[in-house]
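We name chains A, B, ... by the order of the sequence lines, and we start the count at 1 in each one. Note that the structure is predicted; figures quoted are calculated from it, not measured. Heavy atoms only: backbone and side chains are in, while hydrogens, waters and symmetry mates are out.
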There are 2 protein chains.
Amino acid sequence: MGDVSTGENLLFLTDEQLRQGIEAMFFAYRGFTADPDRILAGMAYGRAHHRAIHFINRAPGTTVNNLLILLGVTKQSLNRVLRTLIEDGLVESRVGTADKRERHLYLTEAGEELEHKLSDAQRARMRAAYRAAGPQAVAGFRQVLEAMMDPEMRRRYHALKESGA
Amino acid sequence: MGDVSTGENLLFLTDEQLRQGIEAMFFAYRGFTADPDRILAGMAYGRAHHRAIHFINRAPGTTVNNLLILLGVTKQSLNRVLRTLIEDGLVESRVGTADKRERHLYLTEAGEELEHKLSDAQRARMRAAYRAAGPQAVAGFRQVLEAMMDPEMRRRYHALKESGA
DNA sequence: CAGCTTAAGTCAGTCTTGTTGACTTTCCAA
DNA sequence: TTGGAAAGTCAACAAGACTGACTTAAGCTG
């Protein structure tokens, strides 16, 4: 590791530095969600639908219970979103084979099409930011984000990464 | 700058890497807002109140118009939040001297007290994450976040930094 | 196998936070 | 001086979260 991180050079931990980080996080998150939000504004969907679609695409066959933990919402809240997506033919819900209480979720072709449109837009911004900042900055970005997560979410984040790598 | 960023070592721009960044952003933002949310859950306030308090503290005397651009909401939306904060004696609204249409916003002592409680919690998480990741990672983190902002917001972010540095 | 637990879904009601539309007051410039 | 623009306020509505109570179906266990 670098030698800057050791010793007493802790100016990066001043309250002013932390405040700037907080504000950067706030403004960046706005940019982060702006493009998909714009796409969805026309349709009858919102950010909640986007998130559901993202994670169903990412972990096909996930159960409702697993999904609502990933999203951090109640089942009632997720159910409203999921119902419209299923009715509109973007998501398919299959009864589990091993455990018939479970429903496994998959994107239909139409669902995948919307997923692409949304994630293309979001990745484009991400790609531009990554390219502008460079690989070392990106590594640091990822490190700090990980350290900010609640431990349980960090665990689930890693599980997701491994399945998709 | 590093030489890794030049040439054709562009593996950090693969779709899989970008997806992981997107998910990291999502999970980290949840952690980022969790502590203030918990504090506010008891009181009659929410995240919107926190944001207003944060930026009034950061830019005392700001006008309503300036604040709503920073927050990215409509003036009607901000007004509801502001009204309760003023009624409850956390924020003071002074009619402008030069332009009497404007209202300049300040935290009262009670407002500053709540601001401290909220920002202490948020900074504690931020500090732990910064410390765990180290100064180089933090620099990268800030670079990528900046690159993700919309240009107009980046401009306002810098203006804020300079006033508070 | 009877009874508890778990997964999913539903219905009803509430809260926060965003929206649009209509309005007043104030300022400034043609 | 008047007419438009800007700042702020009030009212009504929508999205998306929440809690609480309940049902159905399936699995597990003493």
Side-chain angles (χ1 to χ4, degrees), chain A residues 26 29-30 33-34 36-56 61-88 91-106, chain B residues 26 29-30 33-34 36-56 61-88 91-105 118:
Chain A
F26 172 68
Y29 199 78
R30 284 250 295 282
T33 56
D37 280 359
R38 244 189 305 275
I39 294 174
L40 290 164
M43 331 189 194
Y45 300 134
R47 205 177 289 179
H49 300 83
H50 178 199
R51 294 196 284 243
I53 288 174
H54 174 98
F55 284 109
I56 294 172
T62 184
T63 63
V64 172
N65 208 38
N66 185 54
L67 189 55
L68 63 88
I69 293 171
L70 276 179
L71 296 174
V73 297
T74 59
K75 63 176 175 177
Q76 294 91 329
S77 191
L78 176 57
N79 193 258
R80 177 168 10 86
V81 166
L82 229 37
R83 189 166 38 201
T84 69
L85 290 174
I86 291 169
E87 277 170 8
D88 297 352
V91 168
E92 192 189 345
S93 164
R94 300 188 201 149
V95 174
T97 49
D99 187 334
K100 288 179 196 159
R101 291 172 304 178
E102 294 179 339
R103 300 297 133 88
H104 298 276
L105 303 170
Y106 301 87
Chain B
F26 173 69
Y29 199 78
R30 283 249 295 281
T33 56
D37 280 359
R38 245 189 305 276
I39 293 173
L40 291 165
M43 331 188 194
Y45 300 133
R47 205 176 289 179
H49 299 83
H50 179 199
R51 295 197 283 244
I53 288 173
H54 173 100
F55 284 110
I56 294 173
T62 184
T63 63
V64 172
N65 204 41
N66 185 53
L67 190 54
L68 65 87
I69 293 171
L70 277 178
L71 296 174
V73 298
T74 59
K75 61 181 171 174
Q76 295 90 331
S77 188
L78 175 58
N79 190 257
R80 178 167 5 85
V81 167
L82 232 35
R83 187 168 40 204
T84 70
L85 290 175
I86 292 169
E87 278 170 9
D88 297 352
V91 168
E92 193 189 345
S93 163
R94 302 186 200 150
V95 174
T97 49
D99 187 334
K100 288 180 196 157
R101 292 173 302 177
E102 294 180 340
R103 301 297 130 90
H104 298 276
L105 302 169
L118 294 170

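Between the CZ atom of R103(B) and the CG atom of N65(B) there is a distance of 12.5 Å, given to the nearest 0.5 Å. In this structure, CD1 on I69(B) lies 7.5 Å from OG1 on T63(B), to the nearest 0.5 angstrom. In this structure, CG on L85(A) lies 10.0 Å from CG on L105(A), to the nearest 0.5 angstrom. Put simply, CG on L68(B) and CG on N79(B) are 10.0 Å apart, with the number rounded to the nearest 0.5 Å.
Atom pair R80(A):CZ and dG13(C):P shows a separation of 15 Å (rounding to whole Å applied).
Using a 4.0 Å heavy-atom cutoff across all strands shown, A98(A) reaches sugar-phosphate atoms only and no base atom.
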- [ ] Check step by step if side-chain contact (heavy atoms from CB on, under 4.5 Å) holds for H104(A) and T62(A).
- [x] CA-CA 5 Å; H104(A) 298 276; T62(A) 184; over 6 Å; no
- [ ] Dump the intermediate steps for side-chain contact (heavy atoms from CB on, under 4.5 Å) on I56(A) and L82(A), then the final yes or no.
- [x] CA-CA 11 Å; I56(A) 294 172; L82(A) 229 37; 4.1 Å; yes
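Interface limits on DNA chain D: the 5'-most and 3'-most nucleotides within less than 4.0 Å of chain A heavy atoms are dG16(D) to dG27(D).
Across the interface with DNA chain D, nearest-nucleotide mapping of K100(A) and T74(A) shows T74(A) to be the residue nearer the 5′ end.
Under a 3.5 Å cut-off, the side chain of R30(A) and the backbone N or O of L71(B) do form a donor-acceptor pair.
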Run the side-chain donor-acceptor check on residues 37-55 of chain B: report pairs under 3.5 Å with partners two or more places apart or on a different chain.
from	atom 1	to	atom 2	distance (Å)
D37(B)	OD1	R47(B)	NE	3.3
D37(B)	OD2	R47(B)	NE	3.2
D37(B)	OD2	R47(B)	NH2	2.6
R38(B)	NH2	D35(B)	OD1	2.7
Y45(B)	OH	D88(B)	OD2	2.3
R47(B)	NH2	T33(B)	OG1	3.4
H49(B)	ND1	G46(B)	N	3.0
H49(B)	NE2	T84(B)	OG1	3.3
H54(B)	NE2	E23(A)	OE2	2.7

Would you list the protein and nucleotides 6-9 of chain C atom pairs, both N or O, that sit under 3.5 Å from each other?
from	atom 1	to	atom 2	distance (Å)
dT6(C)	O2	R101(A)	NH1	2.5
dA8(C)	OP1	V64(A)	N	3.3
dA8(C)	OP2	N65(A)	N	2.7
dA8(C)	N7	K75(A)	NZ	3.3
dG9(C)	N7	K75(A)	NZ	3.2
dG9(C)	O6	K75(A)	NZ	2.4

